[in-house]
Amino acid sequence: MKIGFKLNGKNVEFDSPPETRLADILKGSAKIQSLRTSCYRGLCRGCSIFFNGDLVSSCLIPAFQARDAEIVTYEGISRLNEIEDILKGFDDTGYEPCDYCRPGKIMTLHSILESSMEPDNHQVLEAFEGINCSCTDLSTLLSSVKAGAYYRRRRRRDRNS
Ligand code: FES
Ligand code: FES
């Protein structure tokens with residue numbers, strides 16, 4: 001069946017069996033390189049996308065549900081100026097996600113900062129459940145989120161002044 005949706009601002013259409021997982025269409029036909037698919041159970045969150053504005057695991061979405069949806073991947077959000085806030089937070093605190101998990105972590109952080117510019121530790125830890133790897137200690141993660149949130153608040157303040 002033909003399945004059309006908006007992908008990173010462009011209208012696209014793919015021919016696919018309706019039960020195919022969206023993650024496979026994005027990785028295969030759409031050639032989205034940032035997606036990681038390990039578990040196919042919504043646990044690792046490497047396949048995170050914004051689906052009509054919500055951060056979701058694309059491995060849990062059957063292709064037919066994507067019809068007419070607005071989908072943004074890491075390739076889409078990495079063009080936003082706001083992502084600089086997150087990257088500055090990483091630099092300030094020495095948080096260095098590897099290339100494998102970096103897209104999913106930046107997507108998750110962006111989602112947190114879109115809903116709150118002063119997220120508390122509980123919110124962060126809940127959002128990072130499943131993707132917080134043992135390469136980084138929790139206090140560095142939390143410090144980097146706080147630093148990113150500070151830059152995001154400053155950006156909004158400057159924009160409104
Ligand atoms: S592949 Fe692990 S959450 Fe989608
Ligand atoms: S898996 Fe990427 S930093 Fe740990």
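When a ligand or atom number is given, it counts from 1 through the structure's own listing order. These numbers come from the heavy atoms of this one structure, side chains and all, not from hydrogens, waters or symmetry mates. What you are looking at is a predicted structure, and each value in this text was computed from that prediction instead of being measured.
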Item to complete: Mark yes or no for whether Ser58, through its side chain, and Cys47, through its backbone, hold a donor-acceptor pair below 3.5 Å.
Response: yes
Worksheet entry | Set of side-chain hydrogen bond (donor to acceptor under 3.5 Å, both in side chains) partners for Tyr151, sequence neighbours left out | Asp92
Worksheet item: What protein N/O/S atoms are found closer than 2.8 Å to atom 4 (Fe) of ligand 1?
Response: Cys47 SG, Cys59 SG
Fill in: Other residues, nucleotides, ligands: >12 heavy atoms within 6.0 Å of Gln33 CD
no
Item to complete: Give a yes or no on whether Glu19 atom CD has more than 12 heavy-atom contacts from other residues, nucleotides or ligands under 6.0 Å away.
Response: yes
Discussion item. Taking 2.8 Å as the limit, list every protein N, O or S atom around atom 2 (Fe) of ligand 2, by chain and residue number.
Written reply: Cys98 SG, Cys101 SG
Worksheet item: Atom CD1 in Ile49, atom CE in Met107: separation rounded to 0.5 Å?
Response: 7.5 Å
Discussion item. Does anything in residues 79-105 form a ring pair (Phe, Tyr, Trp, His ring centres under 6.0 Å)? List the pairs, not counting sequence neighbours.
Written reply: Phe90-Tyr95
Worksheet item: Is the number of heavy atoms from other residues, nucleotides or ligands within 6.0 Å of CD (Glu118) greater than 12?
Response: no
Worksheet item: Going by an N to O cut-off under 4.0 Å, is there a salt bridge joining Glu82 and Arg159?
Response: yes
Worksheet item: Below 4.0 angstrom, N of the basic side chain to O of the carboxylate: do Arg156 and Glu114 qualify?
Response: yes
